[in-house]
Amino acid sequence: MVTKLVQRNFKDPKTKMSKEATELTAELLRIFVKEAALRSAQQAKDESSVVVEQKHFEKILPQLLLDF
Amino acid sequence: MEEQSDGEASDSEKLALDQRFKAAIHYTVGKICTELEEEMEVTFSRHIIAVISEATYKQSGIFASDLEDFCQHAKRTTVTADDVKLLARRSGTLANHISKVHKKMKDAQVASKEKKGQKRKKTGP
């Protein structure tokens, strides 16, 4: 999984990733996903809904993108 | 003609690679969501997993271009851990967390090196 995340960067010419940087980027992306899911879940709970849907994610997306 | 066909081949290869990334991200997002489902006592619709994956894919592109710019600015060609820290500088807690993880990684490296050194010492004489 981590190696795949590195490969993504190879779209840019000549730039390489150190091993540390790769792992930290993976951690950063993992937190991004977790935060997205957690905030959407919280939003759904606030609207007293059991199923987390797209509309909940749409509401938290702007703040999420500002935070990263 | 040959050049054209070559170009098409690399394009389709790129597309296949992109799709593999997206599939991998989708899988991981699904896994993280199932973990959270139990914790939060909610269910995630399939739609939202796809949407979060897409957002993550786009975000990873932003991260990549930022990291490249940072390391170019430092006149390097290799992205280091400091570049990633710079990427996370905006939110305090996130920066702290990343620094902590980095420190942990360094400590683990030192520990494994020491272990290796001990092993060598033991096997050496």
Side-chain angles (χ1 to χ4, degrees), chain A, chain B residues 14 17-18 20-21 24-25 27-29 31-33 35-37 39-45 47-53 55-65 67-69 71-72 76-85 87-88 90-91 93-94 97-99 101-102 105-106 109:
Chain A
M1 192 57 215
V2 179
T3 43
K4 277 189 180 173
L5 279 161
V6 195
Q7 282 177 336
R8 176 214 64 209
N9 263 41
F10 287 169
K11 284 175 199 164
D12 316 321
K14 278 189 183 176
T15 318
K16 289 174 192 164
M17 289 277 277
S18 76
K19 201 187 160 203
E20 277 183 335
T22 313
E23 280 175 36
L24 284 180
T25 316
E27 176 71 14
L28 208 60
L29 282 169
R30 202 181 61 79
I31 290 173
F32 178 79
V33 173
K34 216 168 179 182
E35 200 69 11
L38 202 66
R39 287 186 198 188
S40 324
Q42 198 58 49
Q43 182 67 30
K45 269 195 165 181
D46 288 347
E47 292 178 19
S48 57
S49 157
V50 194
V51 183
V52 188
E53 279 175 278
Q54 207 173 337
K55 57 180 181 186
H56 302 125
F57 182 65
E58 279 166 11
K59 281 176 189 161
I60 58 104
L61 185 61
Q63 189 58 45
L64 184 75
L65 290 184
L66 279 178
D67 285 344
F68 278 85
Chain B
K14 221 178 180 182
L17 205 65
D18 265 12
R20 262 176 51 204
F21 289 142
I25 291 174
Y27 169 73
T28 317
V29 171
K31 239 166 77 177
I32 293 174
C33 282
E35 274 171 28
L36 271 176
E37 269 179 356
E39 219 176 281
M40 298 281 292
E41 293 169 346
V42 286
T43 24
F44 286 92
S45 71
H47 229 100
I48 198 179
I49 294 180
V51 175
I52 293 179
S53 309
T56 313
Y57 183 76
K58 286 269 157 72
Q59 189 69 26
S60 75
I62 296 172
F63 282 171
S65 67
L67 283 174
E68 197 187 19
D69 289 348
C71 84
Q72 268 182 7
R76 279 187 267 106
T77 53
T78 310
V79 179
T80 62
D82 288 336
D83 294 328
V84 186
K85 279 185 199 169
L87 190 68
R90 275 181 203 277
S91 91
T93 41
L94 189 62
H97 177 79
I98 291 293
S99 302
V101 171
H102 185 215
M105 265 163 51
K106 265 186 181 169
Q109 272 181 3

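Treat the numbers as computed from the prediction; the structure is a model and nothing was measured. Order of the sequence lines fixes the chain letters, A, B, ..., with proteins taken first and strands second; residue numbering starts at 1 for each chain.
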Between [X] and chain A, with a heavy-atom cut-off of 4.5 Å, which part of the residue counts as in contact: side chain, backbone, both or neither?
| X | result |
| --- | --- |
| B:Leu94 | side chain |
| B:Met40 | both |
| B:Ala50 | neither |
| B:Ile62 | neither |

For A:Lys34 and B:Leu36, work out which heavy atoms get closest and say how close.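 A:Lys34 and B:Leu36 have their closest heavy atoms at O-CD1, 4.0 Å.
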Over all atoms of both residues, closest heavy-atom pair of A:Arg30 and B:Ile32: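 Distance-wise, the nearest heavy atoms are CG-CD1, 4.1 Å.
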Checking heavy atoms, do the side chain of A:Ala37, its backbone, both or neither come under 4.5 Å from chain B?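 For A:Ala37, the contact with chain B is made by backbone and side chain together.
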Please classify the contact between A:Leu24 and chain B as side chain, backbone, both or neither, with a heavy-atom cut-off of under 4.5 Å.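 Backbone plus side chain of A:Leu24, per the 4.5 Å heavy-atom cut-off to chain B.
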Heavy-atom pairs under 4.5 Å with chain A: which of [options] has the most?
| options | result |
| --- | --- |
| B:Ala81, B:Ser91, B:Ala88 | B:Ala81 |
| B:Glu39, B:His47, B:Arg90, B:Gln59 | B:Gln59 |
| B:His97, B:Glu37, B:Arg76, B:Gln109 | B:His97 |

Taking the side chain as C-beta and beyond, is there a heavy-atom pair between B:Thr28 and A:Val33 under 4.5 Å?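 Side chain of B:Thr28 against side chain of A:Val33, heavy atoms only: no contact under 4.5 Å found.
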Check: B:Val79 and A:Thr22 side chains under 4.5 Å, non-hydrogen atoms: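 No, their side chains stay 4.5 Å or more apart.
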Straight-line distance of B:Ile98 CD1 to A:Leu28 CG, nearest 0.5 Å: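 Atom-to-atom, B:Ile98:CD1 and A:Leu28:CG are 4.5 Å apart.
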Can you tell me how far apart OG1 (B:Thr80) and CD (A:Glu20) are? Round to the nearest 0.5 Å.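 Rounded to the nearest 0.5 Å, the OG1-CD separation comes to 8.0 Å.
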Inter-chain contacts: residues 54-64 of chain A against chain B, heavy atoms under 4.5 Å: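 The list, in residue order, reads A:Gln54, A:Phe57.
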Okay, side chain of B:Thr78, backbone of A:Met17: is any donor-acceptor separation there less than 3.5 Å?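 Absent.
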Listed by chain and number, what are the salt bridge (charged side-chain N to carboxylate O under 4.0 Å, His left out) partners of A:Glu35, not counting sequence neighbours?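 Result, salt bridge (charged side-chain N to carboxylate O under 4.0 Å, His left out) vs A:Glu35: A:Arg39.
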Just say parallel, tilted or perpendicular for the rings of B:Phe63 and A:Phe32, cut-offs at 30° and 60°.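 Because their plane-to-plane angle is over 60°, the rings of B:Phe63 and A:Phe32 count as perpendicular.
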